[in-house]
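Proteins come first, then strands; the chains are lettered A, B, ... in the order of their sequence lines, and each starts at number 1.
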Amino acid sequence: MSWPALYAQLVGANRHSTSLGKVWLSVLFIFRVMVLVVAAESVWGDEQSDFTCNTLQPGCENVCYDQFFPVSHIRLWCLQLVFVSTPTLLVAMYVGYRNHRDKQRLVQGSGKSGFLSNKSQEEELETLKKRRLPIAGALWWTYACSLVFRLLFEGGFMYALYVVYDGFQMPRLVQCDQWPCPNLVDCFISRPTEKTIFTVFMATASSICMVLNMAELAYLVAKAVTRGVSGQKERKSSSKSSRERTQTKTNHKLLVST
Amino acid sequence: MLAHDLKTSYLTKRNQHRLLSLEAPPARFQHRGALVCITWASAAAEMNWSGLESLLSGVNKYSTAFGRIWLSMVFVFRVLVFVVAAQRVWGDESKDFVCNTRQPGCTNVCYDHIFPISHIRLWALQLIFVTCPSLMVMAHVKFREGKDKKYVELHHGSHLYANPGKKRGGLWWTYLLSLVFKAGFDTSFLYILYRIYHGYDLPRLSKCSLDPCPNTVDCFISRPTEKKIFMLFMVISSALCIFMCICEMIYLIGKRISKLFRVQHENQRLIFAEQHELTNIAPPRSQYRRTDPTLGSQLSLNRSEKVREGAATTTL
């Protein structure tokens, strides 16, 4: 799993996010990816080799392991982290598209107006690449959609983990009566307590990320509402002033005529 | 593996030099550095702490001398020892844990009972939690720099913060809070380790009588003495780090208190100078704009106003 490539992509898109988004990215990479790579993978490393059943029947252990671990926690968490990071790439794609469009406009504009020295054009292109777009209009909608998708993915994966493993706790003993196991067989999971601790830790980190996403969504909505209200006020005042201007013009005309 | 170890130690030594020197790392170093290190770590198929290290060497700029020593201690004595030595020692803890029984499942259950959470994982979590509060300080400085940039754009050149990294006002509190968190996390992890392993003990033999083990079963831990040595080493270095955090807190608070006393002393001097009209200490009369010389001093004895008037002589 190439985490550095993902990190590179997300850090690039991070420039255009709010401060809550930046906090979310740090929480994601420090408390989830890093803990997953450093700790969790070694805890689950021997989950199949140390899964022992009280039987000599060949094939019974394999079958029972497959019944109780349809998808390993580690794989679920990797998938969750990949899916949760993907909506940010939506935002990055949109920003890339905007930059491309503005670059085209710039190049066309310089072509029309005749000679624009190469240096000033290059400088403008550089500022285009380095600028930070304000979160308004279509970018606002893209960003809000990405937040909604993030929330859905996080919630979905947490629910899937809860359903598949009947809660976040890992039992020490599971009883299995799948064919070819004879009657009922006791099977023992390796390191259940450590696995429970890490499952709870990762679930807590996911919920913190969900809370951050919800807060960011609320902040975006509030910002849009205040912008809408202040925009309306400005429009009212500007229409008022334009009315006043026409009124004074007509007054002036009347005075002049009389 | 050996080549990888050499690379690890080389990179760590280079970063260590940077940590101990006073030079500031270049801008945006942390992202590039983190990316490079994480790439290399991933290629080596083993998580490497260099990513976190390069992220934190940016914090070095904004720390006091104690903070820099703390950071070096954490990376040299704790992270380096953890990566190079401790992970090897604990590598075969599950495979070489043997119980005197043939009952299937007994070994698993006894291992789970004796090691609810492995030392290695606990230390990895401890190191991650302990190094995070420094990122709070970095975030605050970045926030200040952002505010300053906006102010400069609005007010055409004049800065809001002469030096965004200077620990004044909000940043002082953030820094103090980060120290409190660091010491708090270290202490709580040490306490958790104490509670789980009954006083930093790692016996050679443990007796286990849980289901499905028949009666009482003897279980043997692999390399108990080596593990005990490393555990004591990590516990002592954690304790030293806590001590450094406390020293730094005392230093910060002491510095602030002494500055308050100095300012108060200066103000008292100024008041004395005005009351007794000692012209070479008191500020010039023209500043007073007093119309009637028989009137008392129109200057208030309010400390903030005093400080503003005495700005030439008092340092803030």
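Both the backbone and the side chain of B/S118 come within contact range of chain A, each with at least one heavy atom under 4.5 Å from a heavy atom of that chain. Interface residue A/D46: only side-chain heavy atoms are found under 4.5 Å from chain B. Looking at B/I114, there are no atoms closer than 4.5 Å to chain A (heavy atoms on both sides), in backbone or side chain. Contacts of A/R191 with chain B are made by both backbone and side-chain atoms, with heavy-atom separations under 4.5 Å. For A/C53, the part sitting under 4.5 Å from any heavy atom of chain B is the backbone (N, CA, C, O) and nothing else.
Other residues, nucleotides and ligands place more than 12 heavy atoms under 6.0 Å from the CZ atom of A/F201. Environment of OH in A/Y162: sparse, with no more than 12 heavy atoms of neighbouring residues, nucleotides or ligands closer than 6.0 Å.
The choice from A/N54, A/T196, A/T52, A/D186 that makes the most heavy-atom pairs within less than 4.5 Å of chain B is A/N54. The greatest number of non-hydrogen atom pairs below 4.5 Å with chain A, out of B/F129, B/F143, B/F115, is found for B/F129.
Here the closest non-hydrogen pair linking A/L173 and A/F188 is CD1-CE2, 3.8 Å. Heavy-atom minimum distance, A/D50 versus B/N108: O-ND2, 2.7 Å.
Side-chain contact annotation: A/T193 with B/D112, donor-acceptor N/O pair under 3.5 Å present.
Comment: B/R121 engages B/E93 in a salt bridge, judged by a side-chain N to carboxylate O separation of less than 4.0 angstrom.
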